[in-house]
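Beneath this line is the structure, given in structure tokens, with notes to follow.
Every chain is numbered from 1, with letters handed out A, B, ... down the list of sequences.
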2 protein chains.
Amino acid sequence: MTPTCFKREGQACIACHVGRRSDWHDLDQPASALLASGRRRREYGSGELVFTQGEPNDGVHCVSGGTVGIRRLDEKGNSVLLELAYPGDTIGYRSFLTGSEHKTSAEALGPSVVCHIDRVTIAALLGGNPALGLRFLKRSIGELEHAHDMIFRQATLSNRHKLVHLLLVLVVRHGRLNSNGAQSIDLPVSRRDLASMVGTRHETISRIIGRLETDGVAHFSGRQVTIPSVDALAAEIDCLI
Amino acid sequence: MTPTCFKREGQACIACHVGRRSDWHDLDQPASALLASGRRRREYGSGELVFTQGEPNDGVHCVSGGTVGIRRLDEKGNSVLLELAYPGDTIGYRSFLTGSEHKTSAEALGPSVVCHIDRVTIAALLGGNPALGLRFLKRSIGELEHAHDMIFRQATLSNRHKLVHLLLVLVVRHGRLNSNGAQSIDLPVSRRDLASMVGTRHETISRIIGRLETDGVAHFSGRQVTIPSVDALAAEIDCLI
DNA sequence: GCACAAAATTGACGATCATCAACGACGATC
DNA sequence: GATCGTCGTTGATGATCGTCAATTTTGTGC
């Protein structure tokens with residue numbers, strides 16, 4: 001699971017198996033050298049901020065290991081977790097391209113590794129590699145359609161169904177098959193963040209979790225979730241009749 | 001209000017005052033000529049579909065007049081109005097750039113004029129004008145941040161506050177100042193669509209409207225809304241204490 | 001003008017939610 | 001080890017919402 005490049009500081013993203021799935025995988029030789037010299041790897045502890053909402057952009061970041069949460073805050077202390085970023089995902093590119101301050105914060109959810117590429121390097125790379133800009137465009141479109149899916153679910157699903165959907169999404173990235181055939185998830189987020197992703201309060205999430213427990217479709221113990229049958233859970237969303 | 005180019009069929013977007021605010025405003029001479037030959041203007045009646053979710057992409061569209069709703073549907077008949085597109089906005093570019101079928105439907109909300117640019121023309125324009133791709137990227141990023149705003153509001157605001165926010169947004173595009181200083185809006189959408197944008201049911205929207213009426217902050221008569229004081233309405237969202 | 005379909009409103013009821021409060025568990029810090 | 005703050009859970013209560021149903025209004029086509 002851990003990329004080999006974690007241990008080799010000077011290695012180029014292009015040779016990193018994470019990098020091969022990233023936006024930077026098919027740069028030409030000089031561009032790759034430029035990227036190797038202009039990027040900095042850094043490890044983040046759980047809860048550390050990669051960048052902060054409202055601060056000026058200082059280049060783009062690429063997740064290399066772990067999970068990074070993209071969060072939006074307001075003046076009243078409300079916090080909503082908008083996206084989760086995984087190895088290979090480029091983050092912070094929007095404020096770079098629009099030349100504005102960060103509209104969201106990026107926070108390591110658990111120990112993570114993130115590369116940073118400074119403004120001049122990324123600008124030079126974009127100028128010499130038109131395909132890179134196109135890849136940012138595709139990424140942006142993908143995120144936009146993901147956001148539209150989210151808005152659609154927020155408007156049409158009940159809170160319980162939204163939580164079930166979220167669990168099913170988290171299974172893909174964080175799930176592991178148990179010996180008895182059940183799926184287990186180590187949740188990367190707190191109950192409060194879970195609540196913000198569903199669009200409700202944390203007390204309500206607690207109660208919905210309680211109902212999922214009594215219904216026997218999922219068992220929660222701290223941040224560990226066990227799902228006896230993923231199919232049974234998925235059936236909740238499909239078969240509403 | 002009506003652009004002069006509405007009456008001149010053969011005119012280039014570059015000379016249209018709508019076009020000057022669109023993604024196509026600073027093309028060079030040959031590109032402009034290519035655009036003029038490859039685009040088709042068409043008028044749409046209220047409720048007519050510009051493109052349909054699930055169908056293959058056949059180029060991009062540019063709104064020239066009226067209002068176009070971007071809608072997502074599911075198998076169970078649920079419908080959510082995700083965005084409103086106005087003159088100057090390019091729509092349908094996402095499925096073109098990703099080479100996929102349309103993920104949303106576009107519907108004229110009232111009489112509208114929309115230009116269509118076929119696939120080969122837009123591909124040629126993109127190849128010869130790198131700035132055009134960059135503009136699509138900026139548009140996509142803008143829509144993404146708009147979607148994030150929406151997700152944040154869906155998660156943090158009450159239904160009443162969401163409706164108030166929606167009214168305040170609609171004032172900008174559809175409002176007109178009354179003689180007595182009040183603002184009037186001709187809503188471009190039905191109550192059902194209003195409900196989908198707020199993320200609730202149309203019966204609930206009816207009741208919230210009733211409460212806004214009794215509170216005297218807005219008066220509804222069919223699709224016409226009168227707001228005595230926009231500031232008083234805006235104060236509802238800011239001052240929650 | 002009439003008929004029909006769709007939209008919008010209103011009522012009633014049970015389900016769900018937000019809020020406030022209290023409490024225990026946990027981790028960080030000194 | 002003691003303290004503090006955060007997180008998570010649970011209870012109680014009033015408010016809001018979803019659903020079903022009945023009704024009125026609106027709009028459209030003939």
Side-chain angles (χ1 to χ4, degrees), chain A residues 45-48 69 71 73 76-81 107 109-111 153-164 186-215 218-225 236 240-241, chain B residues 45-48 69 71 76-81 107-111 153-164 186-215 218-225 236 240-241:
Chain A
S46 186
E48 265 193 284
R71 185 189 300 280
L73 308 153
K76 291 189 281 289
N78 294 313
S79 160
V80 175
L81 207 50
E107 175 189 333
L109 309 171
R153 284 193 305 271
Q154 295 272 4
T156 57
L157 266 54
S158 70
N159 283 338
R160 169 164 176 154
H161 285 143
K162 280 187 261 184
L163 178 58
V164 167
D186 281 317
L187 293 180
V189 296
S190 67
R191 302 288 149 116
R192 283 179 148 78
D193 281 335
L194 224 48
S196 81
M197 295 171 93
V198 169
T200 185
R201 304 285 159 170
H202 60 101
E203 298 99 324
T204 302
I205 284 292
S206 250
R207 291 183 225 277
I208 294 176
I209 285 175
R211 274 176 252 157
L212 292 177
E213 291 260 6
T214 58
D215 293 351
H219 300 284
F220 291 72
S221 174
R223 289 201 175 187
Q224 188 158 121
V225 189
E236 275 211 25
L240 295 177
I241 307 171
Chain B
S46 186
E48 266 193 284
R71 186 189 299 280
K76 292 190 280 291
N78 293 314
S79 159
V80 174
L81 207 50
E107 174 189 334
L109 309 170
R153 286 193 304 272
Q154 295 272 3
T156 57
L157 266 53
S158 69
N159 283 337
R160 170 165 175 152
H161 285 143
K162 280 187 259 183
L163 178 59
V164 167
D186 281 315
L187 293 179
V189 295
S190 67
R191 301 288 150 114
R192 283 181 146 79
D193 282 335
L194 224 49
S196 81
M197 295 171 92
V198 169
T200 184
R201 304 284 159 170
H202 59 101
E203 297 100 323
T204 301
I205 285 291
S206 251
R207 296 189 162 95
I208 294 176
I209 285 176
R211 276 176 251 159
L212 292 177
E213 291 261 4
T214 59
D215 294 350
H219 300 284
F220 290 72
S221 174
R223 289 201 176 185
Q224 189 159 118
V225 189
E236 275 210 23
L240 294 178
I241 308 172

For [X] and [Y], work out which heavy atoms get closest and say how close.
X: A:D186; Y: A:Q224; result: OD1-NE2, 3.2 Å
X: A:R71; Y: A:D193; result: NH1-OD1, 2.7 Å
X: B:A155; Y: A:S196; result: CB-O, 3.7 Å

Output the distance between atom [atom1] ([X]) and atom [atom2] ([Y]), rounded to the nearest 0.5 Å.
X: B:M197; Y: B:Q154; atom1: CE; atom2: CD; answer: 10.0 Å
X: B:R201; Y: B:N159; atom1: CZ; atom2: CG; answer: 11.5 Å
X: B:S46; Y: B:E107; atom1: OG; atom2: CD; answer: 7.5 Å
X: A:R192; Y: A:H202; atom1: CZ; atom2: NE2; answer: 4.0 Å

Measure from [atom1] on [X] to [atom2] on [N] and round the result to the nearest Å.
X: B:D193; N: C:dA6; atom1: CG; atom2: P; result: 16 Å
X: A:I209; N: D:dT9; atom1: CD1; atom2: P; result: 6 Å
X: B:H161; N: C:dA18; atom1: NE2; atom2: C1'; result: 13 Å
X: B:N78; N: D:dG18; atom1: CG; atom2: P; result: 12 Å
X: B:I205; N: C:dA8; atom1: CD1; atom2: P; result: 11 Å
X: B:H202; N: C:dT10; atom1: NE2; atom2: P; result: 14 Å
X: A:R223; N: C:dC26; atom1: CZ; atom2: P; result: 14 Å
X: B:L163; N: D:dT16; atom1: CG; atom2: P; result: 14 Å

Distances for protein N or O near nucleotides 14-17 of chain C N or O, under 3.5 Å:
unit_1: C:dC17; atom_1: OP1; unit_2: A:N159; atom_2: ND2; d: 2.9
unit_1: C:dC17; atom_1: OP2; unit_2: A:R211; atom_2: NH2; d: 3.2

- Task: Measure the shortest side-chain to side-chain distance between B:L212 and B:R160 over non-hydrogen atoms and say whether it is less than 4.5 angstrom.
- Result: yes

- What residue among B:I208, B:L81, B:L163 forms side chain to side chain contact (heavy atoms under 4.5 Å, CB included) with B:L194? B:L163

- Query: Over its full length, what angle do the end axes of the helix from C:dG1-D:dC30 to C:dC30-D:dG1 make, each axis taken from five pairs and the result rounded to 10 degrees?
  - Reply: 60°

- Within the side chain of A:H219, is there an N or O that forms a donor-acceptor pair under 3.5 Å with the backbone of A:V225? no

- Looking only at atom types and distance, does a side-chain atom of A:E48 sit under 3.5 Å from a main-chain N or O of A:G45, one as donor and one as acceptor? yes

What's touching nucleotides 20-22 of chain C from the protein side, N or O pairs under 3.5 Å?
unit_1: C:dC20; atom_1: N4; unit_2: A:E203; atom_2: OE2; d: 3.4

Restricting to nitrogen or oxygen on both sides, can you table the protein-nucleotides 25-30 of chain D pairs closer than 3.5 Å?
none

- Item | Partners meeting salt bridge (Lys or Arg N to Asp or Glu O under 4.0 Å) with A:E213 (sequence neighbours left out) | none

- Item | With B:S206 via side chain to side chain contact (heavy atoms under 4.5 Å, CB included) - residues at least two apart | none

